[in-house]
*Asks:* 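Let me give you the structure first, and then I'll get to my questions.
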Protein chains: 2
Amino acid sequence: MNEYDCLKLESQLCFPLYASSRIIIKKYKPLLDKLDLTYTQYIAMMVLWEVKEINVKELGKKLYLDSGTLTPLLKTMENKGYISRVRSTSDERNLNICLTSKGEKLKEEAKKIPLEMGKCINLTPKESLELYKLLYKILDEEI
Amino acid sequence: MNEYDCLKLESQLCFPLYASSRIIIKKYKPLLDKLDLTYTQYIAMMVLWEVKEINVKELGKKLYLDSGTLTPLLKTMENKGYISRVRSTSDERNLNICLTSKGEKLKEEAKKIPLEMGKCINLTPKESLELYKLLYKILDEEI
DNA sequence: TACAATTTAATTGTATTCAATTTACTTTAA
DNA sequence: TTAAAGTAAATTGAATACAATTAAATTGTA
């Protein structure tokens, strides 16, 4: 043990978080390719499948992403025909994102993805739940 | 409960992994700015502080990154003077990355970062260890 | 009312990520 | 021994991330 041990990669908590996040997202790729979605587009669609309509600010709050990421992402998704982007009439600073019928239809195909993905993660249901709780303990700090 | 509940953002394990990874990396920024390092550059330096010299292939294996990411990253770090990039003489396909004395000196300043970062994560030591073990259970699957 | 402060998206610029391909070098096998 | 197969890094192109700034709209207040 020496004063530099804390700087070893294996002593970090952030590194396995960062690495496992990227690895799991990579495993989604073949499944999401069928829907013509990237992972970030997929989680944006998840929000829309649930709420049907939301503005960029609120979407960003849910996904922890800002307009610098979302603006080009949403324009791409609009070009694919999955969403529409419409200025709010009551407050034109807000941009409302709505699911199109094509985007709504995608939900049916997406339904099987979570189960398929679950098979890719080598954790028991109990471990997954434990991990879930710990991650949300980190996230819940960020208001 | 309906058949689409599995598609809710809150039902996902990957999403909090992805979000908390990005949030924690963002918290490193003010600390790493002082060292003129990004997070990815920082974890590459961690490996080098430990092993002094490594080739791109081996570094990629440790960080779960490929040459498409590492090549530009390492060129930037070379320009900053923290590392040198030298072709192996025994096998010229390999590129060896070495720590420079400037890069070595940085270790002294970096030493305090892990403790500072620990304060930013709202987990008890026991929870942190539990999270660490679960994440490595995911990573250890990836050979 | 005017106008300063605030808020929301968009834009700009830098730095990843990663799949797919290419280039250069090394090893293998006919 | 030399052509084919394999390997390592670099390159290319698309899509994020994110800090910092800008533009447009709204709100608060003197």
Side-chain angles (χ1 to χ4, degrees), chain A residues 15 18-30 32-33 35-45 54-61 63-80 82-83 85-97 142, chain B residues 14-15 18-33 35-45 54-80 83 85-97 142:
Chain A
F15 172 69
Y18 158 82
S20 58
S21 165
R22 286 186 300 107
I23 281 169
I24 293 181
I25 287 172
K26 230 184 282 190
K27 289 190 178 174
Y28 272 99
K29 191 174 185 328
L32 295 180
D33 279 350
L35 310 191
D36 190 24
L37 290 175
T38 63
Y39 180 73
T40 316
Q41 290 165 14
Y42 174 60
I43 57 173
M45 288 301 287
I54 192 170
N55 67 42
V56 174
K57 169 86 171 176
E58 291 304 313
L59 181 61
K61 216 179 281 178
L63 302 181
Y64 302 89
L65 291 170
D66 70 9
S67 67
T69 302
L70 289 176
T71 296
L73 186 88
L74 295 169
K75 284 182 180 174
T76 303
M77 292 167 70
E78 185 182 42
N79 288 335
K80 290 179 182 176
Y82 295 150
I83 61 162
R85 299 162 64 251
V86 189
R87 286 281 159 193
S88 163
T89 46
S90 62
D91 186 342
E92 293 200 10
R93 289 172 302 184
N94 290 293
L95 183 72
N96 290 132
I97 309 301
E142 316 300 319
Chain B
C14 184
F15 172 69
Y18 158 82
S20 58
S21 164
R22 286 186 302 108
I23 280 170
I24 294 181
I25 287 171
K26 231 184 282 190
K27 289 191 179 176
Y28 271 99
K29 190 173 186 330
L31 299 169
L32 295 180
D33 278 350
L35 310 191
D36 190 25
L37 289 175
T38 63
Y39 180 73
T40 316
Q41 291 166 13
Y42 174 60
I43 58 175
M45 288 300 287
I54 193 170
N55 68 42
V56 174
K57 170 84 171 175
E58 291 304 311
L59 181 60
K61 216 178 283 176
K62 282 179 186 285
L63 302 181
Y64 301 89
L65 291 170
D66 70 8
S67 67
T69 302
L70 289 175
T71 296
L73 187 88
L74 295 168
K75 283 181 179 175
T76 304
M77 291 167 70
E78 186 182 42
N79 288 336
K80 290 179 182 178
I83 61 161
R85 299 163 64 250
V86 190
R87 285 280 159 194
S88 162
T89 46
S90 62
D91 185 341
E92 293 200 13
R93 288 171 303 183
N94 290 294
L95 183 72
N96 290 132
I97 309 300
E142 315 300 319

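Every chain is numbered from 1 and lettered A, B, ... according to where its sequence line falls, protein lines coming before strand lines. Keep in mind it's a predicted model, so treat the numbers as computed, not measured.
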*Asks:* Could you give the start and end, 5' to 3', of the contact zone on DNA chain C for chain A, using atoms under 4.0 Å from its heavy atoms?
*Replies:* C/dT7 to C/dA19
*Asks:* Who pairs with A/Phe15 by ring-ring contact (aromatic ring centres under 6.0 Å, His included), at least two apart in sequence or on another chain?
*Replies:* none
*Asks:* If the condition is side chain to side chain contact (heavy atoms under 4.5 Å, CB included), which residues does A/Asn55 pass it with, not counting sequence neighbours?
*Replies:* A/Lys57, A/Glu58, A/Asn94, A/Asn96
*Asks:* Kindly write out the residues that satisfy side-chain hydrogen bond (donor to acceptor under 3.5 Å, both in side chains) with A/Asp33, not counting sequence neighbours, or none if the list is empty.
*Replies:* A/Lys29
*Asks:* Does C/dC25 have a Watson-Crick or wobble partner in any strand here, with both distances under 3.5 angstrom, and which is it?
*Replies:* D/dG6
*Asks:* Applying salt bridge (Lys or Arg N to Asp or Glu O under 4.0 Å), which residue pairs with at least one partner in residues 65-77 of chain A are found, sequence neighbours left out?
*Replies:* none
*Asks:* Does a donor on one side chain and an acceptor on the other come within less than 3.5 Å for B/Thr40 and B/Thr38?
*Replies:* no
*Asks:* Determine, for nucleotides 8-17 of chain D in 5'-to-3' order, which nucleotides have protein heavy atoms under 4.0 Å from the base (write B), from only the sugar-phosphate (write S), or from neither (write -).
*Replies:* SBBB---SSB
*Asks:* Tell me, please, which residues at least two apart from B/Glu92 pass side chain to side chain contact (heavy atoms under 4.5 Å, CB included).
*Replies:* none
*Asks:* Go through the structure and list residues passing side chain to side chain contact (heavy atoms under 4.5 Å, CB included) with B/Lys62, not counting sequence neighbours.
*Replies:* B/Val47, B/Ile54
*Asks:* Report the residues that fulfil ring-ring contact (aromatic ring centres under 6.0 Å, His included) with A/Tyr28, sequence neighbours left out, ordered by chain and then residue number.
*Replies:* A/Tyr39, A/Tyr42
